[in-house]
Amino acid sequence: MIQTIGLTKEFNGFKAVDNLDLRVEKGDIYGFLGPNGAGKSTTIMMLLGLIPPTKGEIYLLGEPFHPRNVAVKRRIGVVAENQYFYKEMTAQEYLIFFAELYQVPNSQKRIDSLLEAVGLSNDRNKKLGAYSKGMQQKLAFARALLHDPELLILDEPVANLDPTSIKQIRDLIEEENRLGRTVFVSSHLLSEVERLCKKVAIINRGKLLAEDTMENIKRKLTDTILLEIELNREISEVGKELTQFPFVKNWHAEGHRIEVELETDRDHRGEISRFFYEKGFLILAMKTKEMSLEEAFITITQQNVSLLTRGEDTHEKK
Amino acid sequence: MMKNGKVMKTLLKRDLLYALYSWGYYGAIFASFLASSFLLKNFLDAIREEDILVSAFPLNYPLYITLIVISLYLVIMSAISISREREQGTLEVLFYGPVTPASFLWSRYLKDLTLGILALAFTALYFYVASVLTNLGFTIGLAKALIMGIFLISCVVSFGLFISSLTGRMRSSIITLMAILGAFLAIQFVYNMLLGIEKESLSPSLLYLRQTTSYLFRGINWISPFAYLSRGLDSVILENRTLYVTHVLYCVIYSLVFVFLSIYTMGKRGVKA
Amino acid sequence: MKWYRYGVLLLVGMLTLGGSLAIAQPESPFKEQLVYSLTSFNGSSFSKNFCPQSEDTIYLIAHENSVVTPVKTIVYYWPITRRYMAGFSTLNERINGKLEIVHNGKVIATQPEQKYVLYYPKGYWSEKAVMYLDEEAENYYKKYKQAVDVFNQKLREYYQAMERYREVLNRFFEEVRRRREAGEEGPLNIPIPKEPKAPDFVDFYTSEPASGFILNLPPGKYEIRLRRDDGTIFEGSEKKLFVFTSRRKGGVGYEIIPGNRWTKKENCDDPSWIIHAVGKNDLYFNPYKQEEYNELYYNKLVDPQEIGRLERFKWVHIDPIENVTLLFGRGKEILQTVERTPYFVKQIPGPELGYEIIQYDEELKKKGYQPTFESYKVSLPPHLPKTDYQISLVSSGSGQPEEKSERTVRMLKKENAPYLYLVAFLPLFVGVVTIIGRATKIEK
């Protein structure tokens, strides 16, 4: 649905986006992450044809993209980071205007259902100038979905929303995805991306740091995993013997409980179980404490920063 | 092509409707009529009992003033029409979808032109009532001048759109517009001032300045939309059909050139402020 | 650059401009110069002027004879009128050579000098003049000289007749006195001597034959220069020549003498011009054939040092139109049919210091008064309905309408003028209805 090859944007010699390769498959909910100034918005603007790339290619919905390719644009729905409305219009008039622009058949029915879905039915005849930020965000969602697009590009879709509205929108996105729509989400709310997205791309300083499924990202981009083990008795000095394993990075014991930090090259849980069994311990519980996307994101981007400052390749993890 | 036409129609409908919901439009027409009423009353007061006043079209000067006021309003409106949307961000939302610089600019041009035509319809009504009241005469010449007004407004609007396509923000649009119009007026003023002084009274540098401003003045006559306004109304007064049609053609060419330039500039300049 | 910097630059520019204007001084006067003495056709007559070195272009009307004569004279600058003057009485040296006319870089004609006269068919002070060349010029001048000779002869005869008349008159009074003193009463039956009539002066005028280079060219841009017999060009003889034609011709223009201010005439020349009136009027119309010329070109034609506006045009009266009848009417209805009539402006004695325009009649003629003007009088009575009226001319003989002679006389309803302000509120009213209509559809 979206593919970029070597996408680059330079502003007066500064590379805002640097050789970016993205691939969003049909049916994906694709998260696009990066800290402020990473090049996310520039990438989205290029995807929407609002600014021309300096270099590289964009394919949208399987076709090479050109800003004047209106046929492709008609198949995309967009919710931008900042909402811009004609403040003198009412929500109803606003959606009718866009329905006419996109030539939506049975537009009034569609408008009614979307206003219902985003919870703005009762405010449809209010001027948009009187709308709160949250209401505007919801209306932008309704507008983006109005023409039944195949691809949804969402830039910070739940920013400015209260928890109830966030859930409403999240459900709507999931519902639209279930209906076969591909969703490309750029967000700083990592928890939201984590909940919604099947696949994630992380960029910093214009460069792509990682693009994979959520699990793989977390696994690939963190070099240790924390194993929490509950034993039947106190561990005492046995813990020290764990250091004989080269994949054990660190350990910390407290009473019956021990935390072992392992390398992530492969699954070492079997070897650890056997060790404690041979030492006469009974394992009451064992669980992997996973790194959240947020922790991974911070780790990755920080590493990336430090690596970049040393001039090393950011993709290679030691 | 047909879909583009529908997009244009939708944009035109929205823009036109919401322009009609604003006070500015009616205020501008009201101001122009007030100025016209003042001029007409003065004209009538100037003719004493047992006296005469010979004048070509007494309604033409008030019409000229009305056209100037309406044109000024429309040139400012069109000059900020793109930059305002750029600044407010609404332009970018349109361009997510099926809107292109061409469909957007043509719709804007048609919207401002339609507003101009509506204002001219008001003007026609005003002058008709004024002529019934005072017997100043709603002549064929006046009707021709009103029709010419459509083409003159077309020039004004396309010029304004071009200014707007160049600038990112409303403030810079207005400053640019005022600077250009001010420069036109300044050149005209200096030209007329130096023309009124005998060559012998001028130093070589001032003679050079007079020559330069004379060339600039001739250039302005082709660039300034307000020069088309004067020339267009002159062609009505002269009752020369060929000249009239030629002026209409000039206006059409002028408008097309500036709309296409605006489309090109907007394509290059993008939708961001 | 910031905007204020442009402002500073503009200010500096304006100060420089102002300063330059203040210190600009003309050159010192009195210079010997080659100038072109001009006798230029101006539509009806000939304008006489000269083109100093300061002017690089001579303007002439196309397809009409005009004369340029190169002379060496004293030229001086007259600061009061800000123009160059020529001292022809001090120095007026003709320059011999041949005039070359250049068009598009090629010499299209080499002109020898020709003799010419100006013939004024209605006398020296009349507005109309015709130029005759060569043999015809000689003939017209001869005709004029002969007419003057005949007049002089008649004048001599008149003086002799007057002398005889005075003698007869003296004898007449002597006889009357003698017979009355003799006691004769009642009619004396002595024939009253008849006073001889003074001969009328020649009713046309022909100027003395002069010579110059005759230019009669189609419209366009040319150059002229004077070549000596040895092939060299006289320094300062090169001038640009701009030959132009009228923009519109064939119409009728009116000079209007308003009854309430007869010395301040109005013109209604352009066919689009309308005569607006509000009350009772007496209007005296004088129709003219006219042509429309560019203001700048025409002004420069009449006087090369004159200024004008390139974008403006002016009507020039060519000939008075005679043998026509003026019709005043409303629509197709003719209200007044007016013939050309002589009028006399009679001053009203006493403190009023006014005047009265009366028809010139036999009584005034007997009193020796001449008509003040001849004109077509149209009266607009106060009860005339306030609407549009038309004037037009038809030929007195055939009744054929004169082309483009129609003008509108519009009676205005001045009393309704204040209501115009009310009409101005119309758009605001529509705006209120539209905006309130919209506001009712919106929820707060």
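If you're wondering where the values come from, they're calculated on a predicted model, not measured in any experiment. As a basis for the values below, the full set of heavy atoms in this structure was taken, side chains included, without hydrogen atoms, waters or symmetry mates. So you know, we letter chains A, B, ... as the sequences are listed, proteins then strands, and number each from 1.
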Where [X] and [Y] come nearest, the two heavy atoms and their spacing:
{"X": "C:E266", "Y": "B:I52", "result": "CG-CD1, 4.1 Å"}
{"X": "B:S55", "Y": "C:H276", "result": "O-CE1, 3.8 Å"}
{"X": "B:Y21", "Y": "C:I435", "result": "O-CG1, 3.6 Å"}

Which value, rounded to the nearest 0.5 Å, describes the distance between [X] atom [atom1] and [Y] atom [atom2]?
{"X": "C:L310", "Y": "B:F217", "atom1": "CG", "atom2": "CZ", "answer": "9.0 Å"}
{"X": "B:F33", "Y": "C:L420", "atom1": "CZ", "atom2": "CG", "answer": "12.0 Å"}
{"X": "C:K264", "Y": "B:D51", "atom1": "NZ", "atom2": "CG", "answer": "9.5 Å"}
{"X": "B:N135", "Y": "C:T387", "atom1": "CG", "atom2": "OG1", "answer": "5.0 Å"}

Toward chain C, the part of [X] with a non-hydrogen atom under 4.5 Å:
{"X": "B:L17", "value": "neither"}
{"X": "B:V236", "value": "neither"}
{"X": "B:F127", "value": "neither"}

I'd like to know which of [options] tops the heavy-atom pair count under 4.5 Å against chain C.
{"options": "B:N221, B:V129, B:D45, B:T139", "result": "B:D45"}
{"options": "B:A28, B:G137, B:S22, B:A35", "result": "B:G137"}
{"options": "B:P58, B:S36, B:S32", "result": "B:P58"}

Applying a heavy-atom distance below 4.5 Å, give me the residues of residues 248-257 of chain C that approach chain B, sorted by number.
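Counting heavy atoms that sit under 4.5 Å from chain B, the residues of residues 248-257 of chain C involved are C:R248, C:I256.
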Heavy-atom pair count under 4.5 Å with chain B, highest-scoring of [options]:
{"options": "C:R438, C:R247, C:K280, C:E415", "answer": "C:R438"}
{"options": "C:L380, C:N416, C:I275, C:I274", "answer": "C:I274"}
{"options": "C:T408, C:N281, C:L283, C:D282", "answer": "C:N281"}

**Q.** Sub-4.5 Å side-chain heavy-atom contact between B:F38 and C:Y421
**A.**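 Yes, their side chains come closer than 4.5 Å.
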Close side-chain approach of C:K413 to B:L133, heavy-atom, < 4.5 Å =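 No; the side chains remain at least 4.5 Å from each other.
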Which atoms of [X] approach chain B - backbone, side chain, both or neither, heavy atom under 4.5 Å:
{"X": "C:D270", "answer": "side chain"}
{"X": "C:P418", "answer": "both"}
{"X": "C:R309", "answer": "neither"}
{"X": "C:E292", "answer": "side chain"}
{"X": "C:L422", "answer": "neither"}

For a side chain to side chain contact (heavy atoms under 4.5 Å, CB included) check, start with the C-alpha distance between B:L136 and C:L412, then their side-chain angles and the critical distance, and finish with the verdict. CA-CA 6 Å; B:L136 272 168; C:L412 300 175; 3.7 Å; yes
Got more than 12 heavy atoms from elsewhere within 6.0 Å of [atom1], [X]?
{"X": "C:Y419", "atom1": "OH", "answer": "no"}
{"X": "B:W23", "atom1": "CH2", "answer": "yes"}
{"X": "C:F242", "atom1": "CZ", "answer": "yes"}
{"X": "B:Y250", "atom1": "OH", "answer": "no"}

- Item | Full working for side chain to side chain contact (heavy atoms under 4.5 Å, CB included) between C:R410 and B:T134 | CA-CA 10 Å; C:R410 182 162 290 160; B:T134 61; over 6 Å; no
side-chain contact (heavy atoms from CB on, under 4.5 Å) with C:L426: which of B:F30, B:F122, B:Y126?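 Single pass found, and it is B:F122.
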Apply the test side chain to side chain contact (heavy atoms under 4.5 Å, CB included) to residues C:N267 and B:V54: give CA-CA distance (whole Å), side-chain angles for both, the deciding distance (0.1 Å), then the verdict. CA-CA 7 Å; C:N267 278 345; B:V54 180; over 6 Å; no
Next item on the list: Give the intermediate values and the outcome of side chain to side chain contact (heavy atoms under 4.5 Å, CB included) for residues B:Y26 and C:V430.
Entry: CA-CA 8 Å; B:Y26 303 100; C:V430 175; 4.2 Å; yes
